[in-house]
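Read through the structure below, which is laid out as structure tokens, and then see the notes.
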Amino acid sequence: MRAALVTAPGRVTVETVADPSPAADGVVVQVRSCGICGTDLHLVDGELGTDRFPLVPGHEPWGEIVAVGRGAAGFAVGDLVAVDPSLHCGACDPCRRGRGNMCQRWGAIGATQPGAWAEFTAVPVANLHRLGDGFPLDAVPLAEPVACAVRGLRRLGPRPDEPAVIFGAGTMGLVLAILLDIQGVGPVTLVDTNPARRELAGRLTGAAVCGSAEAADLRAPWVIEATGNPAAFEAALACVDRAGTLLVFGVANPLTTAAIPPYRVYADELTIVGSMAILHSFPPAIATIRRHADRFAPLLTDAFGLEDIGPALSLVRSGRTIKTVITPAAGAPS
């Protein structure tokens, strides 16, 4: 099969690699599409470690099952599925406590094992979510991002009819804004330095939008940092009202740091929480997309074939897109 392979930081080529085979408890999925996100850029650039190279990235896939392992019950060839990329060992203490996203041997499809910037990808049955008849396929590429956002908002715990501010109007910022609106939280304000993104954000979410200069005057009890940028983190923290909560959602370079004023955290009784990946949030994400596909589908702004992975990555880096996906073309597995 054809796959996008990262062999060194910043080096991505499309190569012919061996077709995957299903594990005994897994399947092979023919990839209909797979998103590109900010975490992928960190990975491609080697900021999350280079010991995993060579690697086929891609952790936001959906597609059709084309092969089933001998012990994989409950799924059949032809089923359309979305994929939770998170891999938990199930045996360590965090896993046994129901905190698989804190797994001591945590892994992910497309991060620690071959992913879905490819024609086919191997997936454990435990990570599959059947889409079912009539599922709005134009919105299903957002299943994994919505699942991450559902987890994040559980950590934040916002209340209806109270204002919220989101720093970052990329895919995740917009998904979070839509989910907050669905939950009755608001008004919601999106902050972004990119004028093109600000224009798209207002049109696609209905939220108020402003630049970083205007954000200096904002205050809200619920604030989300969705960029991974240390300067945005500091601006978001300054935006949190007294007794408010900051959700650190964006994925930063692990080596970056930001300033936190301890006195203000103490005196204003601020709460700072993080949200790591997905935890028990994929099924509600699928249900939410089914009910609100018309809100999410417009976020899918660009699609590229597998051979155009270079231009696709350049577009994502430019900030002129919301959600870009790779749509591999494939035949039957050999």
Side-chain angles (χ1 to χ4, degrees), residues 1-23 26-63 66-67 81-89 100-101 103-124 126-128 141 143-145 147-148 171 228 250-255 276-278 304-317 323-330 333-334:
M1 69 172 183
R2 301 289 282 169
L5 193 68
V6 183
T7 54
R11 179 172 172 77
V12 186
T13 57
V14 177
E15 308 284 351
T16 298
V17 300
D19 288 344
S21 299
V27 305
V28 172
V29 173
Q30 181 177 352
V31 179
R32 293 279 186 94
S33 78
C34 182
I36 301 174
C37 84
T39 303
D40 292 317
L41 300 184
H42 287 302
L43 190 154
V44 168
D45 291 343
E47 294 174 356
L48 302 182
T50 59
D51 56 324
R52 63 194 76 197
F53 296 159
L55 176 72
V56 177
H59 64 272
E60 300 180 356
W62 76 280
V66 294
V81 293
V83 176
D84 178 349
S86 302
L87 301 172
H88 309 154
C89 75
N101 64 332
C103 175
Q104 293 171 354
R105 289 176 286 277
W106 186 89
I109 296 165
T112 59
Q113 74 172 46
W117 291 357
E119 294 175 334
F120 303 97
T121 190
V123 181
N127 293 63
L128 298 175
E144 194 274 350
C148 290
T171 302
V251 180
N253 181 320
L255 299 180
M276 162 62 179
I278 293 165
F304 289 80
L306 185 60
E307 299 292 334
D308 291 323
I309 184 65
L313 289 171
S314 295
L315 179 62
V316 174
R317 292 184 190 279
K323 174 51 69 175
T324 294
V325 298
I326 299 300
T327 55
S334 59

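FYI, the numbering just counts along the sequence from 1.
Taking both residues in full, the closest heavy atoms of P61 and C34 are given as N-SG, 3.9 Å, listed atom of the first, atom of the second, then distance. Contact detail for A116 and V56: the closest heavy-atom pair is N-CG1, 4.5 Å. Scanning both residues, E60 and G35, for their nearest heavy atoms gives OE1-CA, 3.3 Å. The minimum heavy-atom distance between L306 and P328, with the atom names listed, is CB-CA, 4.4 Å. Annotation for G228 and A252: closest pair O-CB, 3.2 Å, computed over non-hydrogen atoms.
Counting heavy atoms from C-beta on, the side chains of V325 and W62 never come closer than 4.5 Å. Two residues are said to be in side-chain contact when any heavy atoms from C-beta on lie closer than 4.5 Å; L5 and L55 fail this criterion. Considering only heavy atoms from C-beta on, F304 stays 4.5 Å or farther from I36 through its side chain. Looking at V28 and S21, their side chains never come closer than 4.5 Å, going by heavy atoms from C-beta outward. The shortest distance between side-chain heavy atoms of E144 and P85 falls below 4.5 Å. Under the 4.5 Å side-chain criterion, counting only non-hydrogen atoms from C-beta, P124 is in contact with I109. By the 4.5 Å heavy-atom criterion applied to side chains, M1 and V17 are counted as neighbours. In this structure, W117 and I309 have side chains that are in contact, with non-hydrogen atoms separated by less than 4.5 Å.
Among the candidates V29, V27, L87, the single residue satisfying the side chain to side chain contact (heavy atoms under 4.5 Å, CB included) test with N127 is L87.
W106 places no side-chain N or O within donor-acceptor distance of the main-chain N or O of S86, the cut-off being under 3.5 Å. Formation of a donor-acceptor pair under 3.5 Å by the T112 side chain with backbone atoms of A108 is found in this model. The closest donor-acceptor contact from the side chain of K323 to the backbone of P141 lies at 3.5 Å or more, if one exists at all. The main-chain N or O of I278 is never found under 3.5 Å from a side-chain atom of N101 such that the two would form a donor-acceptor pair.
Ion pair D45/R317 flagged as a salt bridge, since at least one NZ, NE, NH1 or NH2 atom sits closer than 4.0 Å to an Asp/Glu carboxylate oxygen.
Note that CG of D19 and CZ of F120 are 6.0 Å apart. Values are rounded to the nearest 0.5 Å. Here the CG-CG distance, from L48 to D40, works out to 9.5 Å after rounding to the nearest 0.5 Å.
For D308, there are no salt bridge (charged side-chain N to carboxylate O under 4.0 Å, His left out) partners two or more places apart in sequence or in a different chain. Listed by chain and number, the residues in a salt bridge (charged side-chain N to carboxylate O under 4.0 Å, His left out) with E307 are R2 (sequence neighbours excluded).
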Between F53 and V6, does a side chain to side chain contact (heavy atoms under 4.5 Å, CB included) hold up when you go through it step by step? CA-CA 6 Å; F53 296 159; V6 183; 3.6 Å; yes

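Of the N and O atoms on the side chains of N253 and H42, not one donor lies less than 3.5 Å from an acceptor on the other residue.
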